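Keep in mind that what you see is a predicted model, and the values were worked out from it rather than measured. Whatever order the structure lists ligands and atoms in, that order sets their numbers, starting from 1. Here, residue 1 is the first one in the sequence, and each next residue gets the next number.
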Amino acid sequence: MARRDPKHRDITRSEQLARRALRFALDPAVSRETAADRLIHLADGQAPTLELARAQILRAPWSGPTATAALGALQLSLRHLRGDRTLRLVILGPPGAGKGTQAPWLARHLGVPHISTGDLLREQATADTELGARIQATIESGRLVPDDLVLRTLETRLAEPDAMQRGYLLDGFPRTVEQARTVATFIAPATVDVVIALAVGPETVARRLALRGRADDTRSAVRTRLERYDCETVPALDWYEEAGLLLQVDGDRPPDRVREDLCRRIDGLGLSPCH
Ligand code: AMP
């Protein structure tokens, strides 16, 4: 019987919790801190119930200040519950989406290290070794570097004290569903606070890349990178959307406007440094 099914009970519970979070958000007398404390209490201190409630609000086909405030309270309750001062974010976007501009700035704003797998791999590519040369050739072609190598590189970087103590803004990883699954096993999905997807149209991509002139910005490498993004990274974004972790940001605007919007929405989720 469906009603006895524990999974069904969890969902009903998290739906009630999502509704309570929305009601708190509409009540000017309830601060975000108070709402977060009450939500922990209502969820019996169960993080999965709070995560499910958050996912339900994120998946709802509407957004706006009430949803944002409710998400902020749920996010804060999860962070209180984990006794966790770290922030773990991911930023993804096709070539020319503006990650290189927005990510370092956002990382500084949040007080976390900016860890770009592209930067880490480009650094390795400069080594005068056969491996270095292979990585260089792969990057220049626009193809993806093999997973085992990317993972080893990333694991080493994430084990450094700044990332262990403060968390990170991961830029350019995970780029495939397979990599997202790996993160889920070695970092655990619940510990990723939010995945930012910068969305841009083809004209913006072409205009920005023409100005940038990076070694792997040749026409054929860009075409390959865009294809890889559509075939491999977009399914990873869908995967995160299912998990209720995806925050879509319109990157087709001047950088300052994108920055402002990113800041407002991240702060609205309760992820600003003052929380
Ligand atoms: P980016 O700086 O993020 O544009 O990355 C530049 C290049 O580094 C990519 O085109 C890939 O060849 C390689 N790369 C970066 N991140 C990854 C990843 N997560 N998996 C595989 N290859 C990657």
Next on the checklist: Looking only at distances, can you tell me whether any N or O atom of F173, backbone or side chain, sits closer than 3.5 Å to an N or O atom of ligand 1?
Outcome noted: no

Checklist entry - Backbone, side chain, both or neither: what part of E178 comes under 4.0 angstrom of ligand 1, heavy atoms only? => result neither

Next on the checklist: Looking at every heavy atom in both D171 and A103, which two are closest together, and how far apart are they?
Outcome noted: OD2-CB, 3.8 Å

Next on the checklist: I want to know if ligand 1 touches T117 in the polar sense, i.e. an N/O pair below 3.5 angstrom.
Outcome noted: yes

Next on the checklist: Taking G172's backbone N and O only, do any of them form a donor-acceptor pair with R175's side chain (distance below 3.5 Å, no angle check)?
Outcome noted: yes

Item to check | Sub-4.0 Å heavy-atom contact, R214 with ligand 1 | outcome: yes

Checklist outcome for this item: Looking only at non-hydrogen atoms, the one of E140, R175, R225 nearest atom 5 (O) of ligand 1 is R175

Checklist entry - Is a salt bridge present between R257 and D252, judged by a nitrogen-to-oxygen distance below 4.0 Å? => result no

Checklist entry - At a 4.0 Å cut-off, with the gap strictly under it, does some heavy atom of K99 reach an atom of ligand 1? => result yes

Item to check | Non-neighbouring partners of E227 that pass side chain to side chain contact (heavy atoms under 4.5 Å, CB included), sequence neighbours left out | outcome: R223

Item to check | Identified side chain to side chain donor-acceptor pair (under 3.5 Å) partner of R214 from the options D216, D217, T218 | outcome: D216

Checklist entry - Listed by chain and number, what are the side chain to side chain contact (heavy atoms under 4.5 Å, CB included) partners of R259, not counting sequence neighbours? => result Q102, W105, D256

Next on the checklist: What protein heavy atom lies closest to atom 8 (O) of ligand 1? Include the residue and the distance to one decimal.
Outcome noted: I139 CG1, 3.9 Å

Item to check | Geometric N/O contact R143 with ligand 1, under 3.5 angstrom | outcome: yes

Checklist entry - Are the side chain of R13 and the backbone of A43 linked by a donor-acceptor contact shorter than 3.5 Å? => result no

Item to check | Closest protein heavy atom to atom 20 (N) of ligand 1, given as residue, atom name and distance to 0.1 Å | outcome: Q179 NE2, 2.9 Å

Checklist entry - Would one find more than 12 heavy atoms of other residues, nucleotides or ligands at under 6.0 Å from atom CD of E123? => result no

Checklist outcome for this item: for atom 22 (N) of ligand 1, nearest protein heavy atom and its distance come out as V145 N, 3.1 Å

Checklist entry - Side chain or backbone of V150 under 4.0 Å from ligand 1, or both, or neither, by non-hydrogen atoms? => result side chain

Checklist entry - How far is atom 23 (C) of ligand 1 from its nearest protein heavy atom, and which residue and atom is that? => result L121 CD1, 3.7 Å

Item to check | For ligand 1, the portion of R122 having any non-hydrogen atom under 4.0 Å away | outcome: side chain

Next on the checklist: Any heavy-atom pair between the side chains of T176 and R228 that's under 4.5 Å?
Outcome noted: no

Checklist outcome for this item: Checking heavy atoms under 4.0 Å, the part of L144 that sits near ligand 1 is both

Checklist outcome for this item: Quick note on ligand 1: atoms under 4.0 Å from a heavy atom of G172 include exactly 16 (N), 17 (C), 18 (C), 19 (N)

Checklist entry - Hey, is the main chain of G111 close enough, under 3.5 Å, to the side chain of R166 for a donor-acceptor pair? => result yes

